[in-house]
Amino acid sequence: MKFNPEICSIPDKRMQPFIDPEEIWGYINNTKSEPDQVHEIIAKSLNKQRLTLKETAVLLNANDPVLIEEIKQGARTLKEKVYGNRIVLFAPLYIGNKCSNNCTYCGFRATNTEAERKTLEDNEIINEVTALEDNGQKRLILVYGEHPHYSADYIAHTVKLVYGVKSGHGEIRRVNINAAPFDIEGFRTVGKSGIGTYQVFQETYHPEAYTWYHLGGKKVDYNWRLTSLDRAQEAGIDDVGIGALFGLYDWRFEVMSLVRHANHLEACYNIGPHTISFPRIQDASSMNVKPEYLVSNEEFTRLVAILRLAVPYTGLILTARENADVRREVISFGVSQIDGGTKLELGTYSQTVNENQDLNKEQFKINDNRSLAEIIDELIDTGYLPSFCTSCYRMGRTGEHFMEFSVPGFIKRYCTPNALLTLAEYLLDYASPEVQKKGWTAIEKEIVKLEGQADTEEIRRRIDSIKLGQRDLYF
Ligand code: SAM
Ligand code: SF4
């Protein structure tokens, strides 16, 4: 299933900008949404074909509540049909909030004198990772401001430090990065430290709007950021994550641009983004954004469903910026990863008392403060299968979301069994007796569902080995 190129006004060339705002607005303004057309487009996506920009615009322009519900139902069906009920869990770890940029929406920006600046010392990183492991985390995303202190060498150093921390049965098996973009050499350095995904969010893809919010520092250069993941690819990092910060500009424009960005990477590198993130602006210390572009819950849930249908083989990441109710709805549209037990204040995973969020110490406010244990409990109760799987990345199977989507039987042979093995580890090492009980019942139910489609005897054998103390078994 190779990318079917669309004729775009700016041809896709490696490391060259590719967004034409007039073209994107042209699609949005000149597309009508007739019910038949919407139905056909949903059917195309359910038939496992990615959507064109024009088709995405048709879904974005569907304002009739009945059609909107059909789009959401399409996303739910796609999830059930393709991805099943696994949800991969991770946590963010903020390493340092010094920043030379001046992004008006962010509490870390250089001109915010209220912000308390901190960079974790190595021993503090070790303490934080130990606390995260003691909660059961296996996958982290490390987050940094943009500052000379956070060079490629420094980031690579912190990645290796994190991989080296072992607490009891705990270890971090996948370290992802959300940091400022580098040149090719810098990406190469970070890549060699063994990262999983490198995420860079464009914030807004609209060049003029971009200038409203980025008032100083390196980040003012729109094109440097737009082409950053091309440089990552050139440096050998083929696992990249894109995103837009919803609330800075018209949300429909951002959805179209995310699809265009995915097209660009596929056209140039034959591999699309591994993940798409859709953070929505949250309150931050001394934040200054235009209220007219803030995205309502209704629009937000709609845009995630449309993204799911438009780029059906890309992982979707949903964070604790959103409250538990919004998370519940959006997860059902085919989100693949969520964070759990998130704390944004630097150095607080290893502190026991930290009930109130202090905006001067955090990048922004989060709205889902539940612990990892509470989130896992709810996921199991609502029929999801929590997973800490890191297998593909370590087996050299890159582009796993694409494989899940396109290789028949892949999920049943690899993803679900690995979810079961990592959940078994979690239950034995970290869960309360009550969650353990529910968890083992859920595992048994999944194994029965896999009968005849996966090597269930081998799965049971490995679970028995885990019960006897073995760890890190995977397919
Ligand atoms: N400093 C790097 C950068 O800007 O790329 C790395 C990460 S920044 C700490 C992570 C992301 O947080 C940003 O890319 C932005 O999308 C998001 N963010 C910033 N301010 C936010 C806010 N007020 N609410 C929600 N998300 C925000
Ligand atoms: Fe700095 Fe990133 Fe915040 Fe901008 S979004 S001020 S670059 S930490």
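Each ligand, and each atom within it, is numbered from 1 in the order the structure gives. Side-chain atoms are counted along with the backbone in the values below, which use heavy atoms only and exclude waters and symmetry mates.
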Peer 1: Taking distance alone, with N or O pairs closer than 3.5 Å, would you say Y105 contacts ligand 1?
Peer 2: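 Yes, at least one N or O pair falls under 3.5 Å.
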Peer 1: Need the ligand 1 atom indices (1-based, order shown) with element for anything under 4.0 Å from a heavy-atom of R321.
Peer 2: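 With R321 as reference, the close atoms of ligand 1 come out as 12 (O), 17 (C), 25 (C), 26 (N).
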Peer 1: Would R280 count as a cation-pi partner of F300, with NZ or CZ less than 6.0 Å from the six-membered ring centre and within 45° of the ring normal?
Peer 2: yes
Peer 1: My understanding is that only residues two or more places apart in sequence, or in another chain, count here; which of them pass side-chain contact (heavy atoms from CB on, under 4.5 Å) with E378?
Peer 2: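 Partners of E378 under the side-chain contact (heavy atoms from CB on, under 4.5 Å) test: R328, R370, T382.
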Peer 1: From atom 13 (C) of ligand 1, work out which of E203, Q199, K365 has a heavy atom at the shortest distance.
Peer 2: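 Among E203, Q199, K365, the closest heavy atom to atom 13 (C) of ligand 1 belongs to E203.
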Peer 1: For ligand 1, indicate whether the residue A284 contacts it via side chain, backbone, both or neither (heavy-atom separation under 4.0 Å).
Peer 2: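 The answer is the side chain.
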Peer 1: Where's the contact between A179 and ligand 1, heavy-atom distance under 4.0 Å: side chain, backbone, both or neither?
Peer 2: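 The part of A179 near ligand 1 is the backbone, not the side chain.
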Peer 1: Considering only heavy atoms of I281, which atoms of ligand 1 have at least one such atom less than 4.0 Å away?
Peer 2: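 Result: 24 (N), 25 (C).
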Peer 1: Can you confirm whether more than 12 heavy atoms, excluding those of K54, are under 6.0 Å from its NZ atom?
Peer 2: no
Peer 1: Taking non-hydrogen atoms only, is R280 closer than 4.0 angstrom to ligand 1 via side chain, backbone, both or neither?
Peer 2: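 Contact part for R280 vs ligand 1: backbone (N, CA, C, O).
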Peer 1: Please work out whether any backbone atom (N, CA, C, O) or any side-chain heavy atom from C-beta onward of R225 is under 4.0 Å from ligand 1, and answer side chain, backbone, both or neither.
Peer 2: side chain
Peer 1: Which atoms of ligand 1 are found less than 4.0 Å from any heavy atom of Y144?
Peer 2: 1 (N), 2 (C), 6 (C), 7 (C)
Peer 1: Which residue pairs pass the ring pair (Phe, Tyr, Trp, His ring centres under 6.0 Å) test when at least one of the two sits in residues 112-133, sequence neighbours left out?
Peer 2: none
Peer 1: Aromatic rings Y249 and F253: how do their planes relate, parallel, tilted or perpendicular, breaks at 30° and 60°?
Peer 2: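 Y249 vs F253 ring planes: perpendicular.
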Peer 1: What are the atoms of ligand 1, with element, lying closer than 4.0 Å to any heavy atom of G145?
Peer 2: 1 (N)
Peer 1: Centre of F90's six-membered ring, under 6.0 Å away, within 45 degrees of the axis: is that where NZ or CZ of R139 sits?
Peer 2: no
Peer 1: Between F201 and ligand 1, find which residue part has any heavy-atom pair under 4.0 Å and reply side chain, backbone, both or neither.
Peer 2: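 The answer is the side chain of F201.
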Peer 1: Please determine if R231 forms a cation-pi arrangement with W224, meaning its NZ or CZ atom is less than 6.0 Å from the six-membered ring centre and no more than 45° off the ring axis.
Peer 2: yes
Peer 1: Tell me, which protein N/O/S atoms are under 2.8 Å away from atom 3 (Fe) of ligand 2?
Peer 2: C106 SG
Peer 1: Looking at E69 and R76, is any side-chain nitrogen of the basic one under 4.0 Å from a carboxylate oxygen of the acidic one?
Peer 2: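 Between E69 and R76 there is a salt bridge, with a charged N closer than 4.0 Å to a carboxylate O.
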Peer 1: With a 6.0 Å cut-off on ring centres, are H147 and F108 close enough?
Peer 2: no
Peer 1: What do we get for L245 next to ligand 1 when only non-hydrogen atoms under 4.0 Å count, side chain, backbone, both or neither?
Peer 2: side chain
Peer 1: Can you name the residues that form a side chain to side chain donor-acceptor pair (under 3.5 Å) with N135, not counting sequence neighbours?
Peer 2: none
Peer 1: For Y210 and Y222, I'd like to know if the aromatic rings sit close, meaning centre-to-centre distance below 6.0 Å.
Peer 2: yes
